[in-house]
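Questions regarding the structure given below will be posed in turn.
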Amino acid sequence: MRGLNKYLISLTLALSSLLNAQFNQEAFYKKFQNAPIKEKVKMISEEPYENIKEIFPLLSDTLESIKKTIYNKTIHQEARLLFDKIDLNIEVYNKNYAKAIHILQKALNYHCSNLDDSLWCYIKLKDNYIEIKDAVKAMEMNRFVEENYEKRKDKKISYGSQKSKLFYAIGLYKESIEQRKKEFLSAKPTPFGEVYLNNDLGHYFNLLKNSDSAEFYFLKAKAKLKNIPETPENRKTIVFYNGLIDGNIASSKFNSKKYQEAIPLLFNDIKASIECNEYGSAYNSYMLLTQTYLKLNNPTAAKIYLDTIINFHKRAPHLYKSVKTDLILANYYALVKDYKLSASYYAKFIQVNDSINNLEKERQIINQGVAYNVQNKELELEQKNKVLAATKLEDSKQKTFRAYLLAGILMLLAVVVFLVLNNQYTKKREQELSEVNKQIYSQNLIIEQSLKEKELLIKEIHHRVKNNLQIITSMLSLQIGKTTNKESSTILNEAKQRIASIALTHQMLYQKGNLSSVLLEDFLSKLIYQIESTLPENNITLNIQLNSSETKVNIDTAIPLGLIVNEILTNCFKHAFPENAGGTISIISSVENQSLTLKISDDGVGFDVSKAQQPAKSLGLELIEILAEQLNCKMDVINNNGTTYVLKLNLS
């Protein structure tokens with residue numbers, strides 16, 4: 001036991017740093033800065049305010065600017081509802097439930113555009129009315145949720161507090177027990193379903209001061225928990241509930257004055273709660289542990305855990321401040337015989353507790369009566385609705401039957417008349433259509449023959465153009481062989497390569513059977529390898545990624561595009577890697593929404609873009625610009641660790 005005490009004390013000292021270590025505020029802030037406007041608002045609305053309260057002042061100016069824009073320049077209800085959610089999170093965190101209810105009512109009246117939005121508002125209203133123990137309104141909200149929950153489109157919307165929790169919140173613990181059993185029977189079975197059920201039932205019996213029944217259900221929950229196989233996904237839940245149930249059993253032991261038996265169970269709960277970051281549960285067990293040591297007249301141990309409770313209050317006063325702390329402090333100072341401080345804390349406790357008790361009693365009396373009346377009215381209304389629905393259904397069936405019978409007779413007569421007239425008309429039309437079909441058939445034969453002749457003619461034209469262009473390239477090759485001037489030879493080689501690019505387009509048109517367009521990926525692939533084959537041996541690697549397998553381009557686009565690719569690749573091979581240096585040329589194409597993006601880059605020496613724009617620029621660069629302008633193509637040239645051409649062309 002002493003070892004466990006030491007472990008819990010060290011765990012307590014580390015608690016203050018752990019309370020704020022679970023949420024990465026810096027990462028959230030960076031993500032917020034980089035997010036689009038709509039996503040910024042959505043991020044804040046979906047994140048618990050507790051996690052972002054430290055950085056919220058850094059975000060508030062941006063949110064306020066977005067809010068003004070939305071309210072002044074748009075009628076966007078969805079965005080306004082997101083701002084309502086942000087305001088709601090802040091008020092609920094600060095326990096300003098009345099303000100939270102006002103925000104929800106405004107959102108319900110003005111900013112909800114569909115059933116899912118309204119349902120979300122009603123669920124949150126129900127939970128906030130439970131917090132202020134207004135049974136009338138909570139029941140009213142719950143009725144709407146029950147009637148419409150299955151109609152929701154967004155299946156992620158949580159149901160909120162069940163009716164058993166509503167009864168629990170207003171002090172009707174017996175009704176909570178019966179309602180919780182009904183909810184379990186009607187719900188879908190889950191691995192932890194019976195664990196939750198028995199733990200809740202034990203908790204309600206604890207509140208009724210029925211320790212034996214409470215302990216029975218807690219032990220039953222513990223047994224059900226042991227039967228669940230542990231996995232990485234459910235380990236945290238199993239660890240937490242093992243501790244939580246031990247803490248609840250300890251509460252039963254405390255109520256039965258079995259204080260020594262309660263202590264190890266409370267240690268188990270604290271250890272499990274802190275391991276799972278459930279500090280609210282750990283706080284409750286620290287409170288009970290302090291009271292237990294006070295009951296055992298052990299002020300030294302009680303002081304250790306009393307300091308821990310006070311540390312909770314300092315770290316998160318909105319979450320952990322409790323009126324019971326004043327009573328515990330009064331009992332502690334009485335035990336150490338500091339009667340002045342004890343009397344001070346006890347007077348403070350009496351003053352606050354009396355006002356709370358008076359309000360609580362008034363609310364409980366009103367809420368109990370209202371709850372029963374609402375239930376009775378619900379049952380009466382349900383029975384009346386069932387009878388009324390049955391009567392309406394029977395009347396509707398009779399009316400529907402008579403209407404269908406009359407409609408059936410009229411439709412039958414109409415069908416008979418229609419069939420007779422249609423039969424006569426059909427015979428006449430068949431004769432006319434037969435004559436027309438004969439004429440159409442003969443005309444189709446003539447048209448098909450004509451189309452075939454035209455296709456053959458166009459193919460022959462493309463073939464002849466390709467052959468003529470090859471003759472020209474052959475003549476250029478002969479001329480190159482006879483030319484001794486290196487500059488003239490280079491010019492003739494470049495002209496030969498350009499003509500070969502045009503010839504390739506005509507060749508693909510008549511070979512593939514499509515006389516007006518070519519497959520872009522096939523065309524670029526063949527063109528690239530044709531260019532590479534005409535160049536001398538080198539140490540250059542081609543990296544080709546053509547992601548446009550189904551895209552076609554017409555001849556008016558293919559020829560200038562092929563010439564552009566020819567000029568760029570030829571420049572890369574000739575100038576990017578001087579003195580036969582090795583390197584890589586990458587050709588990447590992609591098509592999205594009929595927009596072609598072609599990127600040709602090398603990792604060579606690059607060139608000065610500003611100098612390339614001088615009047616003395618080469619014919620190749622000038623030709624690239626003229627062809628790009630002809631295609632209405634956007635072209636960017638980037639000189640960074642080599643040269644990159646990025647061409648963007650609309651193919652539609």
Side-chain angles (χ1 to χ4, degrees), residues 34-39 451 454-455 457-459 461-463 465-466 469 497-532 542-573 584-602 609 612-613 620-640 642-652:
N34 296 325
I37 290 176
K38 183 178 179 181
E39 190 63 26
L451 286 173
K454 288 180 180 178
E455 285 181 1
L457 181 60
I458 294 172
K459 281 187 177 181
I461 291 170
H462 282 300
H463 192 190
V465 171
K466 176 253 183 180
L469 291 171
Q497 183 57 48
R498 290 163 186 153
I499 293 168
S501 171
I502 299 171
L504 177 63
T505 308
H506 287 282
Q507 179 182 341
M508 293 186 69
L509 285 170
Y510 75 78
Q511 283 183 344
K512 298 298 181 181
N514 190 328
L515 302 175
S516 62
S517 62
V518 295
L519 284 170
L520 178 62
E521 182 176 324
D522 192 19
F523 171 64
L524 289 176
S525 178
K526 288 185 177 180
L527 177 62
I528 291 164
Y529 289 115
Q530 176 179 283
I531 296 167
E532 184 186 25
L542 282 178
N543 180 14
I544 304 172
Q545 297 179 32
L546 305 177
N547 303 317
S548 51
S549 58
E550 300 299 325
T551 305
K552 294 182 178 181
V553 293
N554 58 39
I555 187 171
D556 294 333
T557 301
I559 290 175
L561 181 62
L563 288 171
I564 291 174
V565 173
N566 176 74
E567 294 302 324
I568 295 174
L569 277 181
T570 303
N571 284 344
C572 290
F573 277 108
T584 301
I585 299 175
S586 298
I587 304 99
I588 302 171
S589 75
S590 61
V591 177
E592 184 176 352
N593 297 329
Q594 285 298 302
S595 177
L596 167 66
T597 300
L598 181 62
K599 183 178 179 182
I600 303 174
S601 59
D602 63 67
V609 179
Q613 302 301 319
L621 291 175
E622 188 173 354
L623 190 58
I624 290 170
E625 292 179 2
I626 292 170
L627 292 169
E629 185 176 352
Q630 178 184 330
L631 288 174
N632 196 19
C633 167
K634 182 182 179 183
M635 182 177 70
D636 293 319
V637 183
I638 303 166
N639 185 28
N640 184 14
T643 305
T644 300
Y645 283 84
V646 181
L647 298 101
K648 293 186 179 180
L649 172 62
N650 191 350
L651 299 177
S652 59

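No hydrogens, no waters, no symmetry mates; every other heavy atom, side chains included, goes into these values.
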Checklist outcome for this item: When rounded to the nearest 0.5 Å, the distance separating OG1 of Thr597 from NZ of Lys634 is 10.0 Å

Checklist entry - Can you tell me if CD1 on Ile626 sees more than 12 non-hydrogen neighbours from other groups inside 6.0 Å? => result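 Yes, enclosed.
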
Item to check | Minimal non-hydrogen separation, Gln630 against Pro560, with atom names | outcome: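 Of all heavy-atom pairs spanning Gln630 and Pro560, the closest is NE2-CG, 4.0 Å.
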
Checklist entry - Who are the salt bridge (Lys or Arg N to Asp or Glu O under 4.0 Å) partners of Lys38, not counting sequence neighbours? => result Glu78

Checklist entry - Would the number of heavy atoms belonging to other residues, nucleotides or ligands and lying under 6.0 Å from CG of Asn632 be above 12? => result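 Check fails, neighbour count at 12 or below.
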
Next on the checklist: Nearest 0.5 angstrom please: Ile544 CD1 to Ile528 CD1, how far?
Outcome noted: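 Taking CD1 in Ile544 and CD1 in Ile528, the distance rounds to 4.5 Å.
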
Checklist entry - When rounded to the nearest 0.5 angstrom, what is the spacing between CD1 in Ile555 and OG in Ser517? => result 10.0 Å

Checklist entry - Going by heavy atoms in the side chains, are Thr557 and Leu649 under 4.5 Å from each other? => result yes

Item to check | Minimum side-chain heavy-atom gap Glu521-Thr551 below 4.5 Å | outcome: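 No; the side chains remain at least 4.5 Å from each other.
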
Next on the checklist: For the residue pair Ser525 / Asp522, report whether a side-chain donor-acceptor contact shorter than 3.5 Å exists.
Outcome noted: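 Their side chains do not contain a donor-acceptor pair, so the 3.5 Å distance test is not met.
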
Next on the checklist: Strictly distance-based, threshold 3.5 Å: is any side-chain N or O of Asp602 a donor or acceptor partner for the main-chain N or O of Ile585?
Outcome noted: no

Next on the checklist: Does Glu592, at its CD atom, have more than 12 non-hydrogen atoms belonging to other residues, nucleotides or ligands within less than 6.0 Å?
Outcome noted: no

Next on the checklist: For Asn543, I'd like to know if atom CG has over 12 heavy atoms of other residues, nucleotides or ligands within 6.0 Å.
Outcome noted: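 Result for CG/Asn543: enclosed.
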
Item to check | Enclosure of Glu629 CD (heavy-atom neighbours >12, cutoff 6.0 Å) | outcome: no

Checklist outcome for this item: To the nearest 0.5 Å, atom CG of Asn566 lies from atom CG of Leu561 at 11.0 Å

Item to check | Contacts of Asp556 that satisfy side-chain hydrogen bond (donor to acceptor under 3.5 Å, both in side chains) - sequence neighbours left out | outcome: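 Asp556 satisfies side-chain hydrogen bond (donor to acceptor under 3.5 Å, both in side chains) with no residue once adjacent residues are dropped.
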
Checklist entry - CD of Glu567 to CD1 of Ile600: how many Å apart, nearest 0.5 Å? => result 11.0 Å

Checklist entry - Looking at side-chain heavy atoms only, is the closest gap between Leu631 and Leu627 below 4.5 Å? => result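 A side-chain contact under 4.5 Å is absent here.
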
Item to check | Distance (rounded to the nearest 0.5 Å) between Ser595 OG and Lys648 NZ | outcome: 7.5 Å

Checklist entry - Which residue, Val565, Ile588, Ile568, Val591, forms the side chain to side chain contact (heavy atoms under 4.5 Å, CB included) with Leu598? => result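 Of all the options given, the one that passes is Val565.
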
Item to check | Non-hydrogen side-chain atoms of Ile624 and Met635 separated by less than 4.5 Å | outcome: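 With C-beta onward as the side chain, the pair touches.
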
Item to check | Side-chain heavy atoms of Leu569 within contact of Tyr645, under 4.5 Å | outcome: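 Side-chain contact under 4.5 Å: no.
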
Next on the checklist: Is there a side-chain contact between Leu596 and Ser589 in this structure, where contact means two heavy atoms from C-beta onward sitting under 4.5 Å apart?
Outcome noted: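 The answer is yes, as the side chains (C-beta and beyond) meet within the 4.5 Å cut-off.
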
Checklist entry - Is any side-chain heavy atom of Ile587 less than 4.5 Å from a side-chain heavy atom of Leu524? => result no

